[in-house]
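For reference, the structure discussed in these notes is given below.
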Amino acid sequence: MRRSASPYSVFAALLLTNAGSLALAQGTSPATPASLTTAEARADFDQLRAALEEAHGGLYRHRSKPALDSAFDVLRARLDEERSVSRRELVVVLSELIARIGDGHAHLEVGKTAEDELRRSPLLPLRVLVEDSTLVVALNYSRGDSSIRPGMELVSIDDWNARDLLRLMLRALPGDGFIESGKRASIASAFAEHYRRLVSDADSFTVVARDSTGRTVTARLAGVPRAEWAADRNPVNAPMLAGERALWRPDSVVALRFVDEGRVAQLRVRWFDGDDFPRRIDDVFRAIRKQGARALVLDLRGNPGGVDEYGALLVSQLVATPFRYFDRIHLASVRPSFNTWRAGTSERIAAGVVADSAGGWLVTPAMHSGVGMQQPAREPYLGRVVVLMDGGTFSTAADVCAVLRGLRRATFVGTETGGGYEGNTSGLNALVTLRHSGLGLKVPMYGYWNGVPAPATPGRGTMPDHAVATRVTDLMRGTDAPLNAALRVARER
């Protein structure tokens with residue numbers, strides 16, 4: 001199974017766009033020093049690289065070893081200057097190292113002290129969406145500024161051009177394969193945190209923004225801690241708040257409603273977690289059958305994943321024949337030299353794997369039921385299925401999309417999933433803590449390969465049949481453009 005990472009980890013989104021790994025590692029990282037010597041920084045870089053090469057379950061899934069070695073060498077060279085290396089410089093370089101792997105579940109661990117500091121820190125008080133190659137203001141949380149309004153394009157922050165900021169974050173944020181949609185979702189939900197970690201720890205910000213007429217405004221915004229953000233305190237947010245209230249955004253993990261006099265069911269699954277998840281899914285599909293809906297819109301937008309088996313359970317409700325959910329789960333190591341697991345963990349893992357002829361080990365069905373043949377539900381729903389997805393559709397949610405695509409069981413609307421079509425690396429992890437900086441990484445060890453046909457373009461997510469993006473102007477009008485497009489598809493004869 002897979003679990004979510006802390007929302008205050010360096011690159012985890014506040015809306016949990018990056019689901020994390022099953023945490024078997026114990027211990028905490030010490031506080032990160034303000035700076036390191038070049039030798040210390042390079043030693044930490046080498047330690048992290050060695051841990052990845054020893055235990056990561058899919059290190060060469062997206063790039064060959066020579067290509068990845070070359071990329072790592074170039075990054076290491078940035079630490080070769082004979083001077084001290086600041087904490088931010090090291091965080092950026094190590095983050096780019098991790099990002100090169102193409103594993104959206106792998107993110108730098110900064111330790112509890114740094115996470116607590118982030119919670120208290122005054123942040124850039126703006127929520128943004130990424131639209132094409134621009135950053136667009138969605139909400140202004142500042143206390144008194146009325147010039148930076150939702151719908152404006154960010155031109156610059158302090159001395160940084162907004163498009164350069166976007167490129168920097170896309171380079172440093174983790175993501176599956178060569179997918180950008182998940183990174184964009186992470187920027188949308190945690191832009192202020194990313195800015196503080198990667199760019200500046202300033203307490204106030206000079207922001208330049210442009211409105212739809214091309215007029216630019218400049219404002220000096222004081223930082224506001226995340227816990228004190230309140231959109232309704234600033235009147236400029238009123239149109240956005242009114243628009244969002246008009247949207248169907250249920251809070252429950254599983255929510256169902258019917259439209260078109262019951263002919264179309266809308267099922268929103270926000271998370272694959274909770275002891276009662278199987279019961280809820282059974283109840284939902286019982287209600288859909290009773291209603292006699294001829295089409296189902298399955299909304300997995302912003303779903304960060306969760307329990308593997310729950311994803312397979314959802315797919316089983318939509319098919320009439322047995323199917324493969326995972327083709328295989330691969331491990332490079334069952335006893336990482338740096339693990340801090342509880343006693344007996346390595347032995348239990350070793351008992352649940354068999355040798356892989358290509359090297360490493362393969363997980364058996366006795367250890368993870370997802371690699372076995374999956375059976376359909378007793379009374380599956382066999383009407384039309386339309387899946388809504390976006391960059392926040394990650395991990396288990398992305399696996400569901402991929403398997404449904406592979407089975408040709410659904411039509412897909414929205415944007416590319418943030419999780420890989422072919423699978424991802426997550427699940428079991430082993431924590432490596434870097435000796436000098438105290439930074440760390442929970443190295444993902446399960447290399448999941450979905451039970452899907454080989455794609456024409458490896459390293460990408462599930463692609464939409466109907467591409468429809470969410471834009472700030474639509475939200476301000478109370479319009480859910482992707483949902484409207486999905487409903488049009490569902491209504492087709």
Side-chain angles (χ1 to χ4, degrees), residues 1-4 19-24 56-58 61 103-105 176-177 269 271-275 277-282 298 300 303-332 334 345 348-356 358 360-378 380 387 393-407 409-410 417-429 444-455 461-462:
M1 64 177 65
R2 279 165 275 177
R3 300 290 184 182
S4 166
S21 301
L22 176 64
L24 297 181
H56 191 274
R61 181 197 287 259
D103 177 4
H105 288 82
D176 279 0
V269 180
W271 182 253
F272 288 92
D273 205 5
D275 293 339
F277 186 91
R279 177 191 60 76
R280 288 188 177 203
I281 290 296
D282 285 344
L298 173 60
L300 296 177
N303 185 319
V307 179
D308 294 329
E309 291 82 356
Y310 291 173
L313 173 66
L314 179 56
V315 174
S316 75
Q317 295 281 357
L318 301 171
V319 297
T321 58
F323 63 97
R324 295 302 301 270
Y325 190 71
F326 296 131
D327 177 73
R328 64 192 184 278
I329 301 174
H330 177 268
L331 287 95
V334 295
T345 299
R348 289 193 293 273
I349 295 170
V353 301
V354 295
D356 186 348
W361 287 265
L362 294 173
V363 171
T364 66
M367 183 171 175
H368 195 306
S369 63
V371 296
M373 187 63 69
Q374 307 295 308
Q375 300 300 316
R378 184 178 302 174
V387 176
T393 306
F394 189 67
S395 196
T396 297
D399 296 339
V400 169
C401 291
V403 173
L404 291 175
R405 165 69 82 190
L407 295 171
R409 183 61 188 93
T417 58
Y421 169 78
E422 298 159 279
N424 65 73
T425 309
S426 56
L428 177 70
N429 70 67
M445 294 179 60
Y446 274 0
Y448 290 90
W449 290 88
N450 292 333
V452 298
T462 298

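A donor-acceptor pair under 3.5 Å is absent between the side-chain atoms of Thr417 and the main chain of Ala398, judged by distance alone. One N or O on the side chain of Thr364 and one on the backbone of Gly352 form a donor-acceptor pair closer than 3.5 Å. In terms of modelled atom types and a separation under 3.5 Å, the side chain of Thr396 and the main chain of Gly306 share a donor-acceptor contact. Here the side chain of Arg61 pairs a donor or acceptor atom with the backbone of Asn424 at under 3.5 angstrom. Proximity of a side-chain donor or acceptor of Gln374 to a complementary backbone N or O of Ser369 within less than 3.5 Å is detected.
Inter-residue side-chain proximity for Tyr448 and His368 is flagged as met; some heavy-atom pair is nearer than 4.5 Å. With contacts defined as side-chain heavy-atom distances shorter than 4.5 Å, the pair Val403/Arg324 does not qualify. Between Val400 and Asn303 there is no side-chain heavy-atom pair separated by less than 4.5 Å. Side-chain contact between Leu407 and Val315: present, with at least one pair of heavy atoms (C-beta onward) separated by less than 4.5 Å. For the pair Phe326/Asp308, a side-chain contact is recorded, criterion being any heavy-atom separation below 4.5 Å from C-beta on. Side-chain contact between Pro322 and Gln375 is present, with heavy atoms from C-beta onward closer than 4.5 Å.
One finds the CG atom of Asn429 at 11.0 Å from the NE2 atom of His105 (value rounded to the nearest 0.5 Å). Considering NE2 of His330 and CE of Met445, their distance stands at 10.5 Å, rounded to 0.5 Å. To the nearest 0.5 Å, the span separating CG on Leu313 from CG on Leu318 amounts to 10.0 Å. With rounding to the nearest 0.5 angstrom, the OG1 atom of Thr321 is 9.5 Å from the CE atom of Met373. Interatomic distance, CH2 of Trp449 versus CG of Leu362, reported as 12.0 Å (0.5 Å rounding).
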Decide side-chain contact (heavy atoms from CB on, under 4.5 Å) for Leu331 and Tyr446; before the verdict, give the C-alpha distance in whole Å, the side-chain angles of both, and the deciding distance to 0.1 Å. CA-CA 6 Å; Leu331 287 95; Tyr446 274 0; 3.8 Å; yes
Run Thr425 and His56 through side-chain hydrogen bond (donor to acceptor under 3.5 Å, both in side chains) and show every step you take. CA-CA 8 Å; Thr425 309; His56 191 274; 4.6 Å; no
Between Glu309 and Tyr325, does the side-chain contact (heavy atoms from CB on, under 4.5 Å) criterion hold? Intermediate values first, please. CA-CA 9 Å; Glu309 291 82 356; Tyr325 190 71; over 6 Å; no
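Closest approach of Ala320 to Pro380, counting heavy atoms only: CA-CG, 4.3 Å. When all heavy atoms are compared, the tightest approach of Pro444 to Asp103 is CG-OD2, 3.1 Å. Listed here is the closest heavy atom pair of Gly406 and Pro453: CA-CD, 3.7 Å. Across Gly305 and Ser395, no two heavy atoms sit closer than the pair CA-CB, 4.0 Å. Taking all atoms of both residues into account, the shortest heavy-atom contact from Leu298 to Leu314 is CD2-CD2, 4.1 Å. Here the closest non-hydrogen pair linking Phe323 and Ala312 is CZ-O, 3.7 Å.
Scored by the ring pair (Phe, Tyr, Trp, His ring centres under 6.0 Å) test, Phe277 finds Phe272, Tyr310 as partners (sequence neighbours excluded). When the side chain to side chain contact (heavy atoms under 4.5 Å, CB included) test is applied to Arg348, the partners found at least two apart in sequence or on another chain are Thr345. Partners of Ala402 under the side chain to side chain contact (heavy atoms under 4.5 Å, CB included) rule, at least two apart in sequence or in another chain, are Tyr421, Asn450, Val452, Thr462.
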